[in-house]
K.L.:
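The structure's right below; bear with me while I get my questions together.
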Amino acid sequence: MMLIRMLLLAFNVAVVTYLIYRLLQIYKSDGDQKNWNIGIGIFLLLVPITMLFGFIKPTPIYLFLYPVAISLHLYLIRNS
């Protein structure tokens with residue numbers, strides 16, 4: 001269980017860093033859906049933080065759904 005937690009933490013650090021980078025790029029741009037993309041990005045940033053505080057337990061469902069949500073969000077940002 002400790003190994004899973006450490007892998008989740010490493011994955012979340014990488015994802016949070018990349019999301020912050022993309023959100024800063026969106027903030028500087030002139031997009032139509034700029035506020036919508038920033039709001040969703042902030043929500044996705046808060047999910048790992050709630051896991052660290054214990055509000056969300058690290059489960060296999062989280063391991064599968066969170067990367068899908070991140071990739072879908074980044075795909076939508078890229079296409080807009």
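Not measured: the values here are computed from a predicted model.
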K.L.:
Given a cutoff of under 4.5 Å between side-chain heavy atoms of I, L, V, M, F, W and Y, with clusters grown through shared members, what are the other residues clustered with I61?
P.N.:
L65
K.L.:
Is it the case that one hydrophobic cluster holds both Y66 and F55, taking links as side-chain heavy atoms less than 4.5 Å apart, direct or via other members?
P.N.:
yes
K.L.:
With the 4.5 Å side-chain cut-off for hydrophobic clustering, are V13 and L74 part of the same group?
P.N.:
no
K.L.:
Assigning hydrophobic clusters by single linkage (Ile, Leu, Val, Met, Phe, Trp, Tyr; side-chain heavy-atom cutoff under 4.5 Å), is M51 placed with I42?
P.N.:
yes
K.L.:
Against F53, only a single residue in I56, T50, I49 fulfils side chain to side chain contact (heavy atoms under 4.5 Å, CB included); can you say which?
P.N.:
I49
K.L.:
Going by side-chain heavy atoms closer than 4.5 Å, which hydrophobic residues are tied to L3, directly or by a chain of links?
P.N.:
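L7, all in the cluster of L3.
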K.L.:
Between I40 and L76, does the side chain to side chain contact (heavy atoms under 4.5 Å, CB included) criterion hold? Intermediate values first, please.
P.N.:
CA-CA 11 Å; I40 292 172; L76 291 174; over 6 Å; no
K.L.:
Report all side-chain donor-acceptor pairs from residues 24-38 shorter than 3.5 Å, counting only partners two or more places apart or in another chain.
P.N.:
| residue | atom | partner | partner atom | Å |
| --- | --- | --- | --- | --- |
| Q25 | OE1 | R22 | NH1 | 2.7 |
| Q25 | NE2 | Y21 | OH | 2.7 |
| S29 | OG | I26 | O | 2.7 |
| K34 | NZ | Y27 | O | 3.0 |
| N37 | ND2 | Q33 | O | 3.4 |

K.L.:
Go through the steps to decide whether I70 and Y18 satisfy the test side chain to side chain contact (heavy atoms under 4.5 Å, CB included), and finish with yes or no.
P.N.:
CA-CA 10 Å; I70 295 292; Y18 187 68; over 6 Å; no
